[in-house]
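These numbers come from a predicted model, not from an experiment.
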Amino acid sequence: MLLRPYILILLLFSVGCASWRSDPALENLPEPSHPKDVQLLLQPSPDPLEPINRAFFVVDRALFTGALEPIWAGYNAAVPQKARMGIRHFSNNLKYPVRLTGNLLQGEWKNAGTETKRFLINTTAGVLGFSDPASDKYNIYLAEEDLGQAFGKWGWSKSAYLYVPVWGASSPRDVVGGVGAVSLNPSSWFYGAGAALKFNDKSFQAESTRQLLATEFDPYSLNKLYYTRKRAIEIANTQPAMASENTPQTQTLQTVFNRPQDDKFHDKAGTIKVHPVGFRKALPASVWMQTRDAPIAFIIPGLGGHRLGTQALALAELAYQEGYNVVCFSNNLNWEFIQAAPADYLPGYLDDDLQYLRQVHEATTVKIGAKTKGKPAVMGFSMGGWYTLNLAASSPPEAYSASLAINPPLDLNTGLRMLDKLFRAPAGEKDLDLIKESALVKLLVSQRRSSDQGALPFSDQEASFLIGLSYRLTLTQTIMSSLDITPSSKAHKKIGTLGWEDYYSKIVAPTLASRKIHAEALSSASNLRTREAGLTAAKHLKLVLTGNDFLLTQQDLAWFRKRFPGDRTIYTETGGHMGQLWKPGVRESMRAAIRWNHADSSSK
């Protein structure tokens, strides 16, 4: 028992040393074709203690997974949400002295008055703050300020990143402010009260924390980026530009509304693991099994998407509602797939990608085949839709009972080069930083909005940048996991400047050339036109398309529509890239497209 503290210290030391060592794979990366892309990357706070911070993050991750997540799950199941929300309101009301002081120290007199009004209303009409009539009835909202923000406004604006065990993401400035806030918060005057209220508050974040840890290759870096940019926005009181444009890019941002209708749908998933021949380790899949025998529906997420990503869950729910046994693996460009795949796998070359996809699907059929019947279905969105079309085109015409490709590119390379172009949309603008900050403010707010509230007024540049940024963060994780690069601030900065052309021509192509696979074969593999015969022959294959999807040129769109006429395409004029999927009419059309005949399946 006495050895355990020393084992923990040794573990922390070993993680720290690993982070400080040079990484040959990182040093051998090619130079970016557009080095000025570094100006577009979101810069987190300096992280001079990164190895130690990462070590503490590992400890907290283990604590969350092994103890806190199960406890919060039990707490959330036992205590009704209404009761937990009442306690949360009570906790927020008790923090009035903290917010009041933060506003006063910054000279925010109006906000200080607003906070006082809220406190009086909620303490009286809200019964000691257990409800929030100030917001619900009088539309008087929180003027959220704290001591850390006050210090920031006084001049301590730049502060190094610090990850504090149990506390979480912070900075020296915010630690000092947080310590000062403890004495101002009445909950700290009673033993255990502050910890109990904090525990209840954190119960609302347990699900987002679980998803971050489960789906991200480097959750530490994403958590750091989110925290530092959010704090910078709060300290500067950044106000977004309210210019609104209706473009394919702004319409695309409505994908945020495409969520599972059942917010507990992910909890209903089981997990299986398959280990195809040649794979380095078993690959996990999320599965939703029916109570009776049914066909398998394979879900293929978009570019680098995780099997538990929101868009994948939304499509999986549709298939499950139509009676399928649903199986979802992470996309080939996702770290989870890459780390399980055969050694030296570089995703993006179709022949390899399809080979491994087929192996995974076949292994799944063997594993759960006794509980299924009939031919499988396959459906995917974005790059997953492109894989769906390639699977259908290269299989016997009736191999699948249903195939649904949602907003696929026709030529993968054309589509991904367009994403690089979107990322660079604000490049060269004098107010580049303002465009990025405005886009981030709106993004943070839109995550909490419903489709009934409508989308926020994004400009085309803001939307383009956010779409391109999301893609670049995904590509960074793909390159890191493919080349086994140790995550670090230096690695993110260097890899973040690499676009698809860099990855494909400077990393993938030279490796494939050693296998006698040259540029012509790569170009052909990327373009679905080369598989026209197989595509048009495939039975039960349908597409979901929009008339303004930026991944398709007008010629690409015309090519698809000519070969998939009438009811073989679910078509809408607008929506950009997948921004129409949340609409009830589109959802119902997709369900109808994959509907299978129970009677026919039983007779077969």
Verdict with supporting geometry, Phe329 and Phe298, ring-ring contact (aromatic ring centres under 6.0 Å, His included): CA-CA 8 Å; Phe329 292 93; Phe298 290 107; 7.0 Å; no
Side chains of Asp218 and Tyr220: donor-acceptor distance under 3.5 Å anywhere?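 Absent: no donor and acceptor within the cut-off.
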Check: Asn223/Tyr163 side-chain N/O donor and acceptor closer than 3.5 Å: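 Side-chain D/A pair, Asn223 to Tyr163: absent.
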For the atom pair [atom1] ([X]) and [atom2] ([Y]), what is the distance rounded to the nearest 0.5 Å?
X	Y	atom1	atom2	result
Met480	Asp23	CE	CG	9.0 Å
Gln477	His492	CD	NE2	7.0 Å
Gln580	Ile406	CD	CD1	8.5 Å

List the atom of Ser438, the atom of Glu462, and the distance in Å for their closest heavy-atom pair.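 Reported closest heavy-atom pair: OG-OE2, 2.6 Å.
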I'd like to check the side-chain contact (heavy atoms from CB on, under 4.5 Å) partners of Ala282; sequence neighbours left out, ordered by chain and number.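 Lys273, His275.
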Using the ring pair (Phe, Tyr, Trp, His ring centres under 6.0 Å) rule, pick out the option among Phe279, Phe337, Tyr349 that qualifies with Tyr356.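 When ring pair (Phe, Tyr, Trp, His ring centres under 6.0 Å) is applied between Tyr356 and each of Phe279, Phe337, Tyr349, only Phe279 qualifies.
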Salt bridge or not between Glu437 and Arg229? Use side-chain N to carboxylate O under 4.0 Å.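 So Glu437 pairs with Arg229 through a salt bridge.
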State plainly whether the residues Glu532 and Arg529 are in salt-bridge range, i.e. N to O under 4.0 Å.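 Result for this pair is no, no salt bridge flagged.
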Could you go step by step and tell me if Tyr226 and Leu444 meet the side-chain contact (heavy atoms from CB on, under 4.5 Å) rule? CA-CA 10 Å; Tyr226 172 80; Leu444 291 172; 3.4 Å; yes
Which donor-acceptor pairs under 3.5 Å do the side chains of residues 379-389 make with protein atoms, sequence neighbours left out?
from   : atom 1 : to     : atom 2 : distance (Å)
Ser382 : OG     : His577 : NE2    : 2.9
Trp386 : NE1    : Ser526 : O      : 3.4
Tyr387 : OH     : Asp353 : OD2    : 2.6
Thr388 : OG1    : Gly380 : N      : 3.2
Thr388 : OG1    : Gly384 : O      : 2.8

Full working for side-chain hydrogen bond (donor to acceptor under 3.5 Å, both in side chains) between His266 and Glu207: CA-CA 10 Å; His266 68 274; Glu207 174 51 31; 3.1 Å; yes
Contacts of type side chain to side chain donor-acceptor pair (under 3.5 Å), residue Tyr161, not counting sequence neighbours: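 Once residues adjacent in sequence are excluded, Tyr161 has no partner under the side chain to side chain donor-acceptor pair (under 3.5 Å) criterion.
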